[in-house]
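Right, one structure below, let's go through it.
Values below: all heavy atoms of this structure, side chains included; hydrogens, waters and symmetry mates excluded. This structure is a prediction, so every number in the text was calculated from the model and none was measured.
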Amino acid sequence: MTTGLSSVQITEKYLSFFRARNHLELMSSPLAVPGNSTSFIIAGMQPLLPYLRGEQLPPAPRLTALQRCLRTDDVDMVGTNDYKFSGFHMLGNWSIGNYGKHEVIEMALDLLLNVFGLDLGRLWVTVFTGDPRLHLGLDEEAVAGWLRVGFPPERIVPLGRDDNFWTTGGPGPSGPCSEIFVDRGPAYGCGSAECRPGCSCGRFFEIWNLVFMEYDLLADGSIVPLPQRNIDTGMGLERIAMVLQGTGSAFAIDLFQAARERLQMLAPGSDRLDKTREEHAYKVIVDHMRAVLMAVLAGVEPGRDGSRSVIRRLVRRAARQGRILGIDEQFLSSLLLPLAQAHGSLLTMEEHERVPTVERIVAREERMFARVLTSGLKFLLQLEPKADGQVAGEELFRLSAEKGFPADLAAEVLMERGLSVDWSGYQRSVEEHRRVSRLSAEKHFRRG
């Protein structure tokens, strides 16, 4: 069942649902926070860690928010499926030592069925099956919570630590979780009679993760109870919009339609380009430019160092995908206004007014890279690989050092031709360059 709800309407319905249940709505924290442990906010709960750890008192024991996030650690995955983004919005609700598993399960099912209008017959859930290394068994409390609200027992799937024990990626707050999936139907599946959540095919689509944050994961891999039991949930706005709008792809939801139409007008189209490759390029471009829009509005412009280099990389990757689509002119900045307009009230009025400034910044960055991109792609086409399909790392270093073409982007281009890079040779060139530079600096110092 599709509802036709816009992303803005989905957001408001989610937040108002939890406001009506005594949750304090928080403003989205800044996407880029100076001195933070990461360059950008990567999860909806990240700004709330001091509350979840019991280090600070929260403004209320029940909280809800829409948080902008930006993750680029696996940016290469963008475009390979229908739902992977670098920049995204995360809806969340939290209990700081207040309600528990039964209450959050009851509220989650109420929202999905009675507000968003999803069919119970399409929903599946997973629970933590336990792990002897953590001295934990099956999360029977979560199973009981789902049974208590009438969820069919045959659609409650126990999964292991990799799937259903949430951590921050290292020491810190952690706990078992229960993920909610939508069955997209056999057409998206692998055909196996045993197919269910946990299968690597695309049939079962996760829309919401309910984390029961009960433990502190220590550096030695053991766990101890947190001072208080918390609830931390995360629902990707783009994911739930894909389900409710019935698009089949999160890249086809309302937030991206206008930008995609603009991009299709710019791309000449060609029978020579494989449709899968074309679709990959469209996804990468609209994702990267939305992420760049969010970052520049947060005060992070493209540059050489730190978080600025992340944004520069996104611009350059998007520009290169434009060449694949046959777009030879500068075009990236023309996608920003359609993206901003489609996001409506998800951006503030002040942010909408700053879009022309973001356009100028992106146009300048793309213009700076245009000549490098042209000469770099030509250089890569002329490279001759070794018999084993490897390209000498020294050549990539020369391309980077002499022409300013990023080595990681060069490696992507070569990979699409079925080639790999001798990274050991690349590293040797880097170290030799540093050695020569150091000797030159020492010689200059002695002369001075």
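Take Arg290 and apply the salt bridge (Lys or Arg N to Asp or Glu O under 4.0 Å) test, not counting sequence neighbours, and it matches Glu238. Remark: Glu141 pairs with Arg229 by the side chain to side chain donor-acceptor pair (under 3.5 Å) rule, at least two apart or across chains. Contacts of Arg148 classified as salt bridge (Lys or Arg N to Asp or Glu O under 4.0 Å), with partners at least two apart in sequence or in another chain: none. Annotation: ring-ring contact (aromatic ring centres under 6.0 Å, His included) contacts of Phe369 (sequence neighbours excluded): none. Remark: Arg262 pairs with no residue by the salt bridge (Lys or Arg N to Asp or Glu O under 4.0 Å) rule, at least two apart or across chains. Residues satisfying the side chain to side chain contact (heavy atoms under 4.5 Å, CB included) criterion with Arg417, sequence neighbours excluded, are Leu414, Leu419. By the side chain to side chain donor-acceptor pair (under 3.5 Å) test, Arg320 pairs with Glu416, sequence neighbours left out. By the salt bridge (Lys or Arg N to Asp or Glu O under 4.0 Å) test, Arg184 is found to be paired with Asp82, residues two or more places apart in sequence or in another chain being considered. Glu103 is linked by a side chain to side chain donor-acceptor pair (under 3.5 Å) to nothing, counting only residues two or more places apart in sequence or in another chain. Residues satisfying the side chain to side chain donor-acceptor pair (under 3.5 Å) test with Ser424, not counting sequence neighbours, are Asp422.
Contact check for Glu206 versus Asn209: side-chain heavy atoms found under the 4.5 Å cut-off. Under the 4.5 Å side-chain criterion, counting only non-hydrogen atoms from C-beta, Arg428 is not in contact with Phe397. Arg155 is not listed as a side-chain neighbour of Arg196, based on a closest heavy-atom distance of 4.5 Å or more. Using a 4.5 Å cut-off on side-chain heavy atoms (C-beta onward), Arg239 and Val243 make no contact. A 4.5 Å side-chain heavy-atom check between Glu214 and Ile223 finds every atom pair outside the cut-off. Side-chain atoms of Trp146 and Pro153, non-hydrogen and from C-beta on, never get closer than 4.5 Å to each other. Contact annotation: the side chain of Asp232 never approaches that of Leu48 to less than 4.5 Å [non-hydrogen atoms, C-beta and beyond]. Using a 4.5 Å heavy-atom cutoff, the side chains of Gln390 and Val421 are not in contact.
Donor-acceptor pairing under 3.5 Å is recorded for the side chains of Thr126 and Asn164. With hydrogens and angles left out, the side-chain atoms of Arg62 and Asn98 include a donor and acceptor closer than 3.5 Å. Checking Trp208 against Thr233 by side-chain atom types alone, a donor-acceptor pair falls below 3.5 Å.
Taking the six-membered ring for Trp and thresholds of 30 and 60 degrees, Phe165 and Phe128 have ring planes inclined between 30 and 60 degrees apart. In this pair, His89 and His343 present their aromatic rings tilted. The plane angle is within the 30 to 60° band.
Within a 6.0 Å sphere centred on CD of Glu154, other residues, nucleotides and ligands contribute more than 12 heavy atoms. Residue Glu412 qualifies as enclosed at atom CD: its count of foreign heavy atoms under 6.0 Å is above 12.
Residues Tyr282 and Phe251 keep their aromatic ring centres 6.0 Å or farther apart. Ring centers of Phe116 and Phe17: at least 6.0 Å apart, outside the cut-off. With ring centers used as reference points, Trp124 lies 6.0 Å or more from Phe181.
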Any chance you could lay out the side chain to side chain contact (heavy atoms under 4.5 Å, CB included) test for Leu66 and Met90, step after step, and finish with the verdict?
CA-CA 6 Å; Leu66 175 72; Met90 187 63 75; 6.0 Å; no
Show the numbers, then the answer: is there a side-chain hydrogen bond (donor to acceptor under 3.5 Å, both in side chains) between Thr64 and Trp94?
CA-CA 6 Å; Thr64 189; Trp94 297 272; over 6 Å; no
Check against salt bridge (Lys or Arg N to Asp or Glu O under 4.0 Å), Glu365 and Arg360
CA-CA 9 Å; Glu365 185 66 24; Arg360 288 192 293 272; over 6 Å; no
For Tyr83 and Phe88, what are the C-alpha separation, side-chain angles and deciding distance, and is it a ring-ring contact (aromatic ring centres under 6.0 Å, His included)?
CA-CA 10 Å; Tyr83 49 85; Phe88 56 95; over 10 Å; no
Apply side chain to side chain contact (heavy atoms under 4.5 Å, CB included) to residues Ile96 and Leu63 and explain how you reach the verdict.
CA-CA 8 Å; Ile96 314 298; Leu63 305 169; 4.3 Å; yes
List the steps and the verdict of side chain to side chain contact (heavy atoms under 4.5 Å, CB included) for Leu159 and Val157.
CA-CA 6 Å; Leu159 292 177; Val157 181; 4.1 Å; yes
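Minimum heavy-atom separation, Val78 to His280: O-NE2, 3.6 Å. Residue Pro176 comes nearest to Tyr215 through the heavy atom pair CD-CE1, 4.0 Å, listed as atom of the first residue, atom of the second, then distance. For Arg203 against Gly189, the heavy-atom pair with the smallest separation is CB-CA, 3.6 Å. Across all their heavy atoms, Ile285 and Gly322 have their closest contact at CD1-N, 3.8 Å. When all heavy atoms are compared, the tightest approach of Ser429 to Glu394 is OG-CG, 3.2 Å.
Taking OH of Tyr14 as the reference point, atom CD1 of Ile240 lies at 10.0 Å (rounded to 0.5 Å). Distance check, rounded to the nearest 0.5 Å: CD1 of Ile10 to CG of Leu237 gives 6.0 Å. With rounding to the nearest 0.5 angstrom, the CD atom of Gln9 is 9.0 Å from the CG atom of Asp254. Note that the OG atom of Ser28 and the CD atom of Gln67 stand 3.5 Å from one another [nearest 0.5 Å]. Rounding to the nearest 0.5 Å gives a distance of 10.5 Å between OH of Tyr99 and CG of Asn230. Annotation: the span from Ser95 atom OG to Phe212 atom CZ amounts to 11.5 Å, rounded to 0.5 Å.
Listed by first and then second residue, the side-chain hydrogen bond (donor to acceptor under 3.5 Å, both in side chains) pairs that reach into residues 52-61 come to none, sequence neighbours excluded.
The existence of a salt bridge linking Asp408 and Arg316 is excluded, since no basic side-chain nitrogen approaches an acidic carboxylate oxygen closer than 4.0 Å. Looking at Glu279 and Arg260, a side-chain N of the basic residue comes within less than 4.0 Å of a carboxylate O on the acidic one, giving a salt bridge. Salt bridge status for Asp73 with Arg71: absent, with no side-chain N to carboxylate O gap under 4.0 Å.
Exactly one residue among Leu113, Leu111, Leu118, Leu112 makes a side-chain contact (heavy atoms from CB on, under 4.5 Å) with Val115. That residue is Leu111.
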Which pairs would a plain distance check flag for residues 291-311, meaning a side-chain donor or acceptor within less than 3.5 Å of a matching protein atom at least two apart in sequence or in another chain?
from   : atom 1 : to     : atom 2 : distance (Å)
Ser309 : OG     : Gly306 : O      : 2.6

